[in-house]
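Worksheet: the structure to be examined is printed underneath.
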Amino acid sequence: MRAVKNGLACLAMLSACFALAVNPVQAEGRTKSQIELFLQDQDAVLKRGSFVDISVKTQGVPGLFGIQFELVYDPELLELPGKNSVEISESFQAWVIKNDPETGIIQIAATRKSLPEDAEENLPLAKFRFRTLTSGNAEVSLQEIKAVDAVPREIQLSSAEEPVVEISIKDPAANAGKGRRDGGS
């Protein structure tokens, strides 16, 4: 019960920081500040029952101190198989990691363990390990992204569209028995 209260208090604190961030920071004359999704060392076509790692990283974000986002996935095609399926970068303290396996929404809220420099940074934020459940085409996307610096001011992350990773899952049983059958003459 105490852990739940502490978690809610931390979430309230982060929400207050995001609410106070009224002056957005924009990286003028710099590279675009972005948050991106990446498939790690795997093909976009997987077999049912295999694992896929998806990373969330920042690119060119100046002075990132706190971030919250939702990772959305199709719970009929993908699942997080356990508590160790979500890894937060060592540079960050995760205050909220909440997965709703029925809706396929993972909520993350984290702050830096130390004050950031103002320099643009490319940082790993989190890694998610999913298991494929059945064949189909799955999408994993980032939504509701909010970032602040240490002042706190909102950091504008540029993205024409929400970051999306597409995964095609094949059923290995569907390919079984499709080999050549000769009559043997």
- Message: To the closest 0.5 Å, what do you measure between CD (E139) and CG (L77)?
- Response: 10.5 Å

- Can you sort out the partners of E144 under side chain to side chain contact (heavy atoms under 4.5 Å, CB included), two or more places apart, ordered by chain and number? E70

- OG1 (T134) and CG (D74) are apart, to the nearest 0.5 Å, by 10.0 Å

- Between the main-chain N or O of L64 and the side-chain N or O of R112, is there a donor-acceptor pair closer than 3.5 Å? yes

- Where F92 and P124 come nearest, the two heavy atoms and their spacing: CE1-O, 4.2 Å

- Exercise: identify the closest heavy-atom pair between P101 and P75: O-CB, 3.0 Å

- Same hydrophobic cluster for V72 and L133, using side-chain heavy-atom links shorter than 4.5 Å among ILVMFWY? no

- Task: Side-chain contact test, heavy atoms from C-beta onward, threshold under 4.5 Å: evaluate it for I108 versus L125 and give yes or no.
- Result: no

- Task: Working to the nearest 0.5 Å, report the span between CG of L80 and CG of D100.
- Result: 11.0 Å

- What distance separates I67 CD1 from K146 NZ, expressed to the nearest 0.5 Å? 12.0 Å

- Atom of A110, atom of A94 and distance for their closest heavy-atom approach: CB-CA, 4.0 Å

- Item | Side-chain donor/acceptor of S89 to backbone N/O of A126, under 3.5 Å | no

- Kindly give the heavy-atom pair with the smallest separation between A138 and L78, and that separation in Å. CB-CD1, 3.9 Å

- Task: Report the distance from atom CG of N122 to atom CD of Q34, rounding to the nearest 0.5 Å.
- Result: 10.0 Å

- Query: Any idea which heavy atoms bring P163 and E36 closest together, and the distance?
  - Reply: CB-CA, 4.5 Å

- Item | Taking every non-hydrogen atom, the tightest pair across I155 and P62 | CD1-O, 3.5 Å

- Single-linkage hydrophobic cluster I35~I97, side-chain heavy atoms < 4.5 angstrom: yes

- Query: Atom CG of L46 and atom OG of S135: how far apart are they, to the nearest 0.5 Å?
  - Reply: 12.5 Å

- Item | Nonpolar side-chain network containing L115, other nodes, edges under 4.5 Å | F65

- Task: For F130, check ring-ring contact (aromatic ring centres under 6.0 Å, His included) against everything at least two apart and list the hits.
- Result: Y73

- Message: Please check if the number of heavy atoms outside E76 that lie under 6.0 Å from its CD is greater than 12.
- Response: no

- V86-L71 co-clustered via ILVMFWY side chain contacts under 4.5 Å: yes

- Task: Report whether I54 and I145 are members of the same hydrophobic cluster (ILVMFWY, side-chain heavy atoms less than 4.5 Å apart, transitive linking).
- Result: yes

- Between F128 and I88, is there a shared hydrophobic cluster once you connect ILVMFWY residues whose side-chain heavy atoms come closer than 4.5 Å? yes

